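These notes concern the structure reproduced below.
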Amino acid sequence: MLLNPIENDPRYSITKEWIGQATPHFVLRYCDEYIASSKYYQSMLIRAVGLHARHRGALIIEEVTA
């Protein structure tokens, strides 16, 4: 498990924390600000990579419901 999931960018961190659930969850933070949490590390890793891409100006495709 990586504390800083984005190579060469320490602003992103994933830590295991108690957040009021029965078990500790993985918490994603950007500049020490809470972004999201999940019981799965991989989910937070994917979220960190997506957030990093968005911060770098990547085109974000979102679903639009009719």
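None of the values given here were measured: they were computed from a predicted structure.
- Residues Leu51 and Ile6 share a single hydrophobic cluster, defined by chaining ILVMFWY side chains whose heavy atoms lie under 4.5 Å apart.
- Val49 and Met44 fall within a single hydrophobic cluster, where Ile, Leu, Val, Met, Phe, Trp and Tyr side chains are chained together by heavy-atom contacts under 4.5 Å.
- Atom CD1 of Ile14 is separated from atom CG of Leu45 by 5.5 Å, given to the nearest 0.5 angstrom.
- To the nearest 0.5 Å, atoms CD (Gln21) and OG (Ser37) are separated by 7.5 Å.
- In this structure, the side chain of Asn4 engages the main chain of Pro10 through a donor-acceptor pair within 3.5 Å.
- Interatomic distance, NZ of Lys39 versus CD1 of Ile19, reported as 11.5 Å (0.5 Å rounding).
- Ring geometry for Tyr41 against Phe26 counts as perpendicular: the plane angle is over 60°, on a 0 to 90° scale with 30° as the lower cut.
- Rounding to the nearest 0.5 Å gives a distance of 9.5 Å between CZ of Arg54 and CZ of Arg47.
- Using a 30° and 60° split on the angle between ring planes, Tyr12 and Tyr30 fall in the tilted class, from 30° to 60°.
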| task | Would you check, one step at a time, whether the test salt bridge (charged side-chain N to carboxylate O under 4.0 Å, His left out) holds for Arg29 with Glu17? | result | CA-CA 12 Å; Arg29 295 183 184 278; Glu17 303 177 19; 3.1 Å; yes
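- Side-chain contact between Asp9 and His52 is present, with heavy atoms from C-beta onward closer than 4.5 Å.
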| request: Let me see the working for His25 and Tyr40 under ring pair (Phe, Tyr, Trp, His ring centres under 6.0 Å), right down to the final yes or no. | output: CA-CA 7 Å; His25 279 52; Tyr40 303 109; 8.7 Å; no
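- Summarising the geometry of Pro5 relative to Ala48, their closest heavy-atom pair is CG-CB, 4.0 Å, with the distance given to 0.1 Å.
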